[in-house]
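Structure, as structure tokens:
Every number for a ligand or one of its atoms is a count from 1 in the order of the listing.
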Amino acid sequence: MLQVGDGNGSGGRRNPLAGKRVFIPPMAYGSGRTFAAAFHALGLEADITPPSDSRTRELGARYTSGDECYPAKVTVGDFMKVLEQPGTDPAQTVLFMPTADGPCRFGQYAPYLRRILEESGYPHTSVISPSSHDGYADFGDLARQFVRTAWRALIAADILQKVLLQHRPHEAEKGSTEALYEECLVDVCQTIERAPLEPGTQLKAIRDAMVRSRDRFRAHPVRRDRSTPLIGIVGEIFCRLHCFSNEDLVRRLEEYEAEAWISDITEWVWYTIQEQFRKLQLVGRQYSLDAFKAWIRKRVQKHDEHVLLEPFRDDFVGYEEPPVEEVLEAARPYLPADGAMGEMVLNVGKAICLARKGADGIIDISPFTCMNGIVCEAVYPRVSRDLGGIPIRNFYFDGTQSDLDRDLGVYLELARNYQKRKRWQRAWPAGV
Ligand code: SF4
């Protein structure tokens, strides 16, 4: 973890988080790291919470009632682990809990966490939930720099994760991909931390770090085999990306010699932007100042994504992420985006897009009792039938999974059978 200054950033301005230490629950390990680096770039102290373990579950169970979703339990457990660490000053500790509008309980996590802290003897520990509704007030006058830097950090992490999953199942030397990924992650994080906040200079520096990462991976020896089944992973955003919560499902798939394509974090960001336009249109404000601002923001974000992704264009042939408009359109016959909201729409749409990209199977990872997972599970049989029988399987997690290996083994047999008769063939990067 980097120790950094007084929260003055490069502009010498104060920030409400100055002198505090922010803890971020890493949904995906890499994005947690780069996101922390975005805080460092502003001169703020931040780190990801330590790896989840049995103590996480123990504390999560102790401080929650049992009615909460599994991700809430895991994050509460991880935060409480931080607070019980010797040397932690609760009054100087800030817990980062994202929030979102939507049809499910996610929006309740932050107020709920505040209540737990209050009732458990940590009234001075703060919770931040950066939101566009209050102009990211937690970041004071560094809000704009933070939002842009954090967005770039998330894109970079998503790209690295994609390359990792593309290479790891085929590595010539066991463990080499993971080591290389870590090397790239350190490089990208240091670049984010040290680059000037001036937007153009910062973007160029992060792009250069991504090019270095790409070149390292291009030189990494792999033995790719076109018959390796490709499994699309969709589902609840935290559970599908948090390896501890999903019992390392992707790695277990790889042990069965399959490759995973997991829906990333930026997909959710694009969805929320799309939703913003839809809601403005619903109330007849599609030509308002808010709509104009949202349009500008989207253009800027698209530009950043394009710049960071462009160096990987050849590497990602056949792995191109479908635009959110395409995902929502694909879901429309099953869950129209103007009638259903949130991850269920994305999951169904993405499952279809991945099938059309030549995936051999789809796995939906959700916390036990997650309403998104339950709705999707009801829709998947029809989706599968319409896609020529692609196997789509829900896996639910609550920390008590027991037969995952056996279930994955059976599932992959179905995927291999489907592979022989699938309607859509894959495109491949050159040389594979
Ligand atoms: S998406 Fe599922 S797990 Fe996440 S808050 Fe909503 S209901 Fe809970």
Answer with side chain, backbone, both or neither: which part of Tyr109 has a heavy atom less than 4.0 angstrom from an atom of ligand 1?
side chain

Is the distance between the ring centroids of Phe35 and Phe96 less than 6.0 Å?
yes

Give every protein N, O or S atom lying under 2.8 Å from atom 8 (Fe) of ligand 1, naming each by residue and atom.
Cys69 SG

Should the pair Arg393 and Phe395 be classed as cation-pi, given the thresholds of under 6.0 Å to the six-membered ring centre and 45° from the axis?
yes

Which residues pass the salt bridge (charged side-chain N to carboxylate O under 4.0 Å, His left out) test with Glu118, not counting sequence neighbours?
none

Any donor-acceptor pair under 3.5 Å from Trp151 side chain to Gln301 backbone
yes

Using 4.0 Å as the upper bound for N to carboxylate O, is an ion pair formed by Asp290 and Arg285?
yes

Would the Phe39 and Phe139 ring centres measure less than 6.0 Å apart?
yes

Provide the number and element of each atom of ligand 1 under 4.0 Å from a heavy atom of Glu343.
1 (S)

Indicate the ring-plane relationship of Phe312 and Phe316, choosing parallel, tilted or perpendicular according to the 30° and 60° boundaries.
parallel

